[in-house]
Amino acid sequence: MIKQILTYPNPILRKKSQDVINFDNELHTLLNNMNETMDYAGGVGLAAVQIGTLLNVLVINIPVENPDNSEEEIQLKENLIEAINPKITHKDGEIVFTEGCLSIPNIHEDVTRAMNITVEYYNRNGKLCTTEANEFLAVAWQHEMEHLSGHVFIDNLSFMKRKKFEKDWKKKLKESKRNRDL
Ligand code: CO
C-alpha cells in the first residue's frame, strides 16, 4: 500500500525509532508498504519514520543506468536493500554529496559524510547481515539512518545555510497552501 510521506517540519520526523523485535507479517507489510511508497515517490531510500512508523527499518534502492536507454536511470529489484536495526560498525573517509529527501521535497544541499562504511543489519527474515558501502550508497545509508535517530539532512547545514533554508521553506509552504485553496 502506498503511504503518505510525512514532510518537514512534522514533529514525528524528530522522534527516535525503536528496534524491531518481531520479524513477523507486520514487519513484512511495513517493508512492502515502504517499497511501494519509495517506488511511487521516485526515491532512492526511505526510513519507516517517514511513513509514520517509529521502527528502525529502512529501504534503499540505488538507481542504475537503463541498458536500453543510457539517458534514463532505473531501479532494479535485485538492488533493493531492506535493513532492520542497522548499525554502522566502521566508517572512514569523507565525501561531500548533494542530497535531497522525500520529506523535504525540492531542496538539495551539500552534506559531508563518511565515504566508506560497514553496516550490520537484519534482513526481513531476521538474518544478521554485514555489508560494506561507499560513495553514493554510503551516503544513502547514512541519510536513512539519520532519519531513524530523529534527524533530517538539513540538520547538518551551517547556521547561515540553515537560516536560509528555513526562510525558503516557509515561503514554499505558504505558496503550496495558497495553491491548494484555489
Ligand atoms: Co530523507
Side-chain angles (χ1 to χ4, degrees), residues 1-20 27 30-64 73-76 79-88 91 94-117 119 121-122 124 131 133-158 161-173 176:
M1 192 192 292
I2 294 165
K3 295 287 187 176
Q4 197 194 339
I5 296 175
L6 306 181
T7 53
Y8 186 85
N10 189 311
I12 294 172
L13 294 170
R14 290 291 175 209
K15 294 198 191 293
K16 218 174 144 3
S17 292
Q18 305 295 315
D19 271 350
V20 169
L27 173 67
L30 171 65
L31 282 162
N32 297 343
N33 290 344
M34 288 171 67
N35 293 333
E36 280 179 49
T37 305
M38 177 172 70
D39 265 3
Y40 179 76
V44 167
L46 190 75
V49 57
Q50 290 179 278
I51 57 166
T53 303
L54 290 166
L55 288 172
N56 286 323
V57 178
L58 62 86
V59 294
I60 294 171
N61 196 341
I62 301 289
V64 293
E73 286 198 319
I74 50 170
Q75 284 164 301
L76 303 173
N79 289 337
L80 175 67
I81 296 166
E82 295 179 331
I84 293 108
N85 305 345
K87 278 182 185 61
I88 293 177
K91 56 169 139 183
E94 223 176 71
I95 182 171
V96 179
F97 201 90
T98 310
E99 296 185 23
C101 179
L102 291 175
S103 291
I104 315 172
N106 304 316
I107 298 286
H108 297 94
E109 294 286 351
D110 284 354
V111 177
T112 306
R113 300 199 189 269
M115 167 84 97
N116 312 293
I117 59 167
V119 192
Y121 64 97
Y122 293 87
R124 64 159 64 208
T131 190
N134 44 62
E135 298 181 13
F136 185 27
L137 181 56
V139 168
W141 272 103
Q142 290 168 88
H143 176 115
E144 299 314 328
M145 287 179 72
E146 196 169 62
H147 277 299
L148 303 180
S149 62
H151 291 284
V152 287
F153 82 106
I154 46 155
D155 294 350
N156 299 297
L157 299 183
S158 69
K161 276 196 168 170
R162 180 58 181 265
K163 243 174 116 170
K164 187 180 178 305
F165 160 78
E166 293 293 348
K167 204 174 141 206
D168 294 347
W169 190 249
K170 241 182 215 162
K171 205 173 132 201
K172 218 172 248 193
L173 288 182
S176 65

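Ligands are counted one by one from 1 in listed order, and the atoms in each one are counted from 1 as well.
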**OP:** Measure the shortest side-chain to side-chain distance between His151 and Arg14 over non-hydrogen atoms and say whether it is less than 4.5 angstrom.
**Re:**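 Answer yes - side chains close enough.
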Original post:
Do Ile107 and Lys172 have side-chain heavy atoms sitting under 4.5 Å apart?
Top reply: yes
Subject >> The single option from Asn85, Asn56, Leu30 passing side chain to side chain contact (heavy atoms under 4.5 Å, CB included) against Val20 >> reply: Asn85
**OP:** Compare every heavy atom of Trp141 with every heavy atom of Ala133, then report the nearest pair and how far apart it is.
**Re:** CB-CD1, 3.7 Å
Subject >> Sphere of radius 2.8 Å around the Co ion (ligand 1) - protein N, O or S atoms inside >> reply: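 For the Co ion (ligand 1), the protein N, O and S atoms that sit under 2.8 Å away are Cys101 SG, His143 NE2, His147 NE2.
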Original post:
Does Asn32 reach the main-chain N or O of Met1 with its side chain, forming a donor-acceptor pair under 3.5 Å?
Top reply: no
Original post:
Does the Thr131 side chain pair with the main chain of Val119, one donor and one acceptor, at a distance under 3.5 Å?
Top reply: no
